[in-house]
Structures are given as C-alpha cells and as structure tokens.
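In what follows, residues are counted from 1 in the order of the sequence shown. Nothing here was measured: the structure is a model prediction, and the numbers come from that model.
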Amino acid sequence: MGWTQAMIVIIFILMLAVFILPLGFYFLISYRDARQKEHAVLRNYPVLGRVRYIVEKIGPELRQYLFLNNDEGKPFSRNQYEGVVKSGKYKQRITSFGSQRNFEESGFYIRNAMFPKQREDLRINQSPKISTHLYKIDNEKLMSRKEHSEKADIDPYLLSDDDQIIIGKDQCKKPFYVKGLIGQSAMSYGSLGKNAITALSKGLSLAGGTWMNTGEGGLSSHHQKGNVDIIAQIGPGLFGYRTEDGEFSWERFKEKSEIEQVKAFELKLAQGAKIRGGHVEAEKVTPEIAEIRSVPPWTTIDSPNRFRQFHDTKGLLDFITQLRDIGGKPVGMKIVVGNRDEVEEMVKTMATEGKYPDFITVDGGEGGTGATYQELADGPGLPLYTALPIVHQLLKKYKIREHVKIIASGKLITPDKMAYALCLGADLINTARAFMISVGCIMAQTCHSNTCPVGVATTDPNREKALVVEEKMYRVCNYVVSTREGLFNLAGAAGLSSPTEFTEEHLMFRAMNGQLYSGKEYIQGVLRPSIDQIAL
C-alpha cells in the first residue's frame, strides 16, 4: 500500500470515528428513547433529554462546589464544612478580611464585655500536652497543593478541676467526671463503618476529657479500641441488650455496666432527625453487626418507635432507677421536645416522684441521621434553640435542675453555635456530623445506601478502605481541641473565666427588623406567661 492510499485509509478511519460512529450512535439512542414508555421527556426529546438527567444527577455537586455561596447550603454551608476540616487538619480557625455571616438575618450574638478576660485569667487546664499530627502547607498553587504532616504537641484546653462537669454526682456509685464540654453524639456501628468508629474512638481518646456515644446499634469492639470514655445508648430496639425473643436482658446490661470504659447509659426516647427508632438498610447489616444487635444478617432493621418496657413517665423513671441501681453508673435519656405541656408534665412527675435521670440529651429537630424518612426529618421536633430553654427553665421551675445535667445536640459544629447552646441552658455539647466530617465525610448524603464514597457511612469493605484510621484519628483529636479552644476564646470575650459560666445574660438575639432582645427576653418569648413571671 502506497503512501497516498495509507493516508486515504487513515482519513476514512478518522471520519468514521469522528462523524459516522457518533451519528449512528445518536440515531440508535434516538430510536430507543422515542419508543420507550417510562420517561416522557425522552419520548419527545430523545438524546437531549438524557443531558437533562445527567445534569440533574450531578446537580448537588454543581451547587455545592460551583453555584452556592460560601454561607449557603444545607445542612451545612461551605464555610461551616471547611471550618471543621481546617480545625481537624491544621488545628486552626483563623479567618481574614471579614466575616461572611449575613448580619441582616436574625440570629444570636455573644454579649462581649467592655473589659474581656486576658488569656492568663482563664481557668484552663493545659496539662498534659497532647502529641498529635498537624498538616503544614509547603506550597499552594492553582492546580496543586504540597503539604506534609508532622508531629506536634498541643495544649488540651481542658476544664479546671473546679469547673469539671460531674454527671450522677448525688445518685450514682460511679459518677462520670467530664473535663471537656464537647463529645461525640450517638453514631452506631452499622450506620458508620468500623474504620470510622475506630478512628473516632482513638482520636477522642487522644484528645481526652471527652466521650463517644455508641448510638442505639450497641457497643462494639471498634468503639473500645481507643480506650475512650463511652456513653452506651439503649434504643427501643434494645440492640446489644436483648434476649433472643426481643425482651430486655438484664444480664447483658450488667455485663456492659461492668466495662470500665462505659461511663454512663442513655435511653433514646427520640432523635431529632426521625422521632422514631432507627432504620438500617439490609446491605449494611453484616454478620458482625447482626451479632452485635442480635438480629438476622442482611435484613433491614426498623426498631420500634418507642420502648415497650414502659408507657409513661413514671414507668420510664422506674426503669432508669433500676438501671442505675444495677449498673451503678449514670443513666440519662435523649428526647426531642414537641411541646411545652408534655415536657412540663414529665418534669413535674420527676419532682413529685423524687426520681430523675442523671442527664437529659435535648436533640433539636435539625439533628442528623444515617437514614430516615423525609417527612420525619422535616416535620416533627422543635429546633434546638427553642427546645433547650424549655427543658432548662422547667427543671429550674420544679427545683431539680441541680440534679440533672443537660446535653445539647443538633447542628452544633462550631464554637459560636455551641456557646449559644451553653447560654440557653446546656451543660455539655454533643456533635455527630462534625466528627463525620473530621474523618473524611464530604456530605455526599448517601449514608443510607451503603455507597459512601469516602468510606465513612458504609460497611462495604471496598469503600471502607478509603478511610485510613492512623491519619483520621489525629483530625478527630485536633477538631475537639481546636473547638474547645474556641469556647475559651468566646468566654474570655464575654468577660468569663470559663465557658462553664455562660448563662442567658451573655446572649443577645437580633430580630430581622433590627430589634434586640436579651437572652432572658428571648427565653420568655419561648415560654408561656405562667412560667415567664416566675423569678428565675
């Protein structure tokens, strides 16, 4: 074959590849699309309709990375997400030029003091130092970033001995002493994979002064790998605490209560994101998880909406008392506030019976979950900043506030949001999704499908391997410590020596019309008049 003939063949092949094959593919797709019956768009606009479906499919990513402003986006904005990542990776929360907060919107503000506290005036326990790893940026360009991880000794930012929170001080044989205000909210093994749970356990243990909540999926070996303090949650499905026929097993509870790492128990009455028992898809229920939960493997799990062991507050309190007597450790409960009357009736019964939980976790309706139904995520449950003062003030009204600690939970991922909760009555702070972000979550919102692209909310071994425990554990530690530092910074700005001193007096609320309300006035607007007029 001569040179001319070879060129003709090459040109023909190129024309075939560039024009004829795509054109043939176009007509084939058009023919198929126009005759299918499932999609109306494709029947009228074959091929072009497929472009619409592609754009629709990648729409969330386009909005998250290209089109939404940094302070927009749900459930968390880009600024909030990056704040957690930077705290965990670099242990920094430094910003420049100015705030991106929309100051025209209504919202809370910390009431800063004219003469704030100096750093040396703050009551902080800074020993022992924590040996962790921090990233350092060597060179950052448009298309690349060079950075390396190096060892670093950092201050722990723990509470002083006088400020530490004691859960179950007057009622338990073994009270729970807490030296930090921030802990991990309930996340089950099964909802999260073993690598994520292990990284959280080791990172929280390294930070010290904190805790992790097992979630209603029960206590696993992965929760214990870091030797961190644990709050063991008991949900309506009784996973990890049930007999073969589904009844509560006092024997299994006793076994858990004898574990040194387990510092307290929490009865989950409700969760802000679902107001019901948990839901786990069948593909996430591996044989190991099934054994922990005492359920068949590879079956979808829907735990009951509520406990069958009691049906009213009196029965609940009797059950809590029995758990405390047998286990010797603090027992609390997790609730979602739906209305003031029901909460007041519950608190009134506590005062009348002389029985109360050692702590109440108040979860706002904005809380997260691995899986739930849209109507339950959006409909029931008051937001945290409304629910929190209701519980706090009612406990004060019936004079049992000193016996019951309050843990606030619901989208609290930055120090300012946490400080608002402390001002509204919380003693401690729970956060879950911030810890998911610290171990690599990119907010893909596929937690329920077992297809998490970064190995966090999945039990698929091929996907789990993306999460390297030995790297992410340090990010967990750094996030906790950095956020604790932020709370001390805010306390100093408010003229306080410790964030444990935050009260309603240190909070301001600005309405959309510019009108200002003190923290007390805001709370009075949440509560009914009969409570407003009580000297609190």
Side-chain angles (χ1 to χ4, degrees), residues 75 184-205 212-226 228 230-242 252 256 261 268 271 273-274 276-303 367-373 377 431-473 475-476:
Q184 182 219 290
S185 191
M187 290 192 287
S188 302
Y189 173 46
S191 178
L192 269 58
K194 63 178 181 298
N195 286 3
I197 294 293
T198 301
L200 288 167
S201 176
K202 291 185 175 182
L204 290 165
S205 177
M212 76 182 306
N213 190 308
T214 65
E216 67 172 304
L219 179 65
S220 73
S221 61
H222 309 295
H223 288 101
Q224 299 174 265
K225 285 183 178 177
V228 65
I230 291 173
I231 297 179
Q233 189 180 84
I234 306 174
L238 307 178
F239 303 129
Y241 304 88
R242 54 190 279 159
R252 291 194 173 186
K256 299 292 193 305
Q261 283 180 250
K268 174 190 164 183
Q271 182 177 340
K274 43 194 171 191
R276 65 188 296 277
H279 173 89
V280 182
E281 294 290 342
E283 56 264 33
K284 299 183 80 171
V285 186
T286 64
E288 181 189 11
I289 291 168
E291 183 179 358
I292 293 169
R293 300 193 180 204
S294 301
V295 297
W298 312 120
T299 57
T300 297
I301 300 174
D302 278 298
S303 57
T369 181
T372 190
Y373 299 97
T431 185
R433 283 171 289 184
F435 283 115
M436 290 179 66
I437 294 171
S438 70
V439 294
C441 170
I442 59 172
M443 301 194 299
Q445 299 188 27
T446 59
C447 308
H448 63 289
S449 64
N450 208 34
T451 59
C452 175
V454 290
V456 178
T458 179
T459 58
D460 181 345
N462 292 324
R463 294 180 181 272
E464 275 189 298
K465 66 184 180 183
L467 197 161
V468 179
V469 172
E470 291 71 21
E471 193 266 345
K472 293 299 190 291
M473 59 179 279
R475 298 201 192 192
V476 173

Original post:
Minimum heavy-atom separation for Gly190 to Thr459, with atom names?
Top reply: O-CG2, 3.8 Å
**OP:** List for me each residue that meets salt bridge (charged side-chain N to carboxylate O under 4.0 Å, His left out) alongside Arg293, sequence neighbours excluded, and say none if there are none.
**Re:** none
Original post:
What is the minimum heavy-atom distance between Ala196 and Val456, and which atoms define it?
Top reply: CB-O, 3.7 Å
Subject >> Test side chain to side chain contact (heavy atoms under 4.5 Å, CB included) applied to Ile230 and His223, step by step >> reply: CA-CA 8 Å; Ile230 291 173; His223 288 101; 4.1 Å; yes
**OP:** Taking the side chain as every heavy atom from C-beta outward, state whether Glu216 and Ile234 have any pair of such atoms under 4.5 Å apart.
**Re:** no
**OP:** Return the minimal non-hydrogen interatomic distance between Val228 and Met212, and the atom names on each side.
**Re:** CG1-SD, 3.5 Å
Subject >> Backbone of Ser188 reached by a side-chain donor or acceptor of Ser191 within 3.5 Å >> reply: no
Original post:
salt bridge (charged side-chain N to carboxylate O under 4.0 Å, His left out) with Glu288: which residues, sequence neighbours excluded?
Top reply: none
Original post:
Quick one: does Thr431's side chain get under 4.5 Å of Gln184's, heavy atoms only?
Top reply: no
**OP:** Please step through side chain to side chain contact (heavy atoms under 4.5 Å, CB included) for the pair Leu192 and Leu200, ending with a clear verdict.
**Re:** CA-CA 11 Å; Leu192 269 58; Leu200 288 167; 3.9 Å; yes
Subject >> Pairs flagged by salt bridge (Lys or Arg N to Asp or Glu O under 4.0 Å) wherever residues 189-198 is involved - sequence neighbours left out >> reply: Lys194-Glu464
**OP:** State, to 0.1 Å, how close Asn213 and Ala186 come at their nearest heavy-atom pair, and which atoms those are.
**Re:** OD1-CB, 3.4 Å
Original post:
Of the non-hydrogen atoms in Met187 and Phe435, which two are nearest, and what is the gap between them?
Top reply: CE-CB, 4.1 Å
Original post:
At what distance, to the nearest 0.5 angstrom, does OG of Ser221 lie from CD1 of Ile292?
Top reply: 6.5 Å
Original post:
What residues form a side chain to side chain donor-acceptor pair (under 3.5 Å) with Glu291, not counting sequence neighbours?
Top reply: none
Subject >> Pair Leu467-Val454, side chain to side chain contact (heavy atoms under 4.5 Å, CB included): steps then yes or no >> reply: CA-CA 7 Å; Leu467 197 161; Val454 290; over 6 Å; no
Subject >> Set of salt bridge (charged side-chain N to carboxylate O under 4.0 Å, His left out) partners for Arg463, sequence neighbours left out >> reply: Asp460
**OP:** Measure across His222 and Ser201 and return the closest heavy-atom pair with its distance rounded to 0.1 Å.
**Re:** O-CB, 3.7 Å
**OP:** Would you check if the side chain of Thr214 reaches a backbone N or O of Ala232 as a donor-acceptor pair within less than 3.5 Å?
**Re:** no
Original post:
Sequence neighbours excluded, which residues qualify as side chain to side chain contact (heavy atoms under 4.5 Å, CB included) partners of Ala290?
Top reply: Val285, Val295, Pro297
Subject >> Distance (rounded to the nearest 0.5 Å) between Met473 CE and Glu471 CD >> reply: 10.5 Å
Subject >> Gap between atom NZ of Lys465 and atom CG of Asn195 - 0.5 Å precision >> reply: 11.5 Å
Original post:
How far apart are the C-alpha atoms of Leu219 and Tyr189, what are their side-chain angles, what is the distance that settles it, and do they pass the side chain to side chain contact (heavy atoms under 4.5 Å, CB included) test?
Top reply: CA-CA 8 Å; Leu219 179 65; Tyr189 173 46; over 6 Å; no
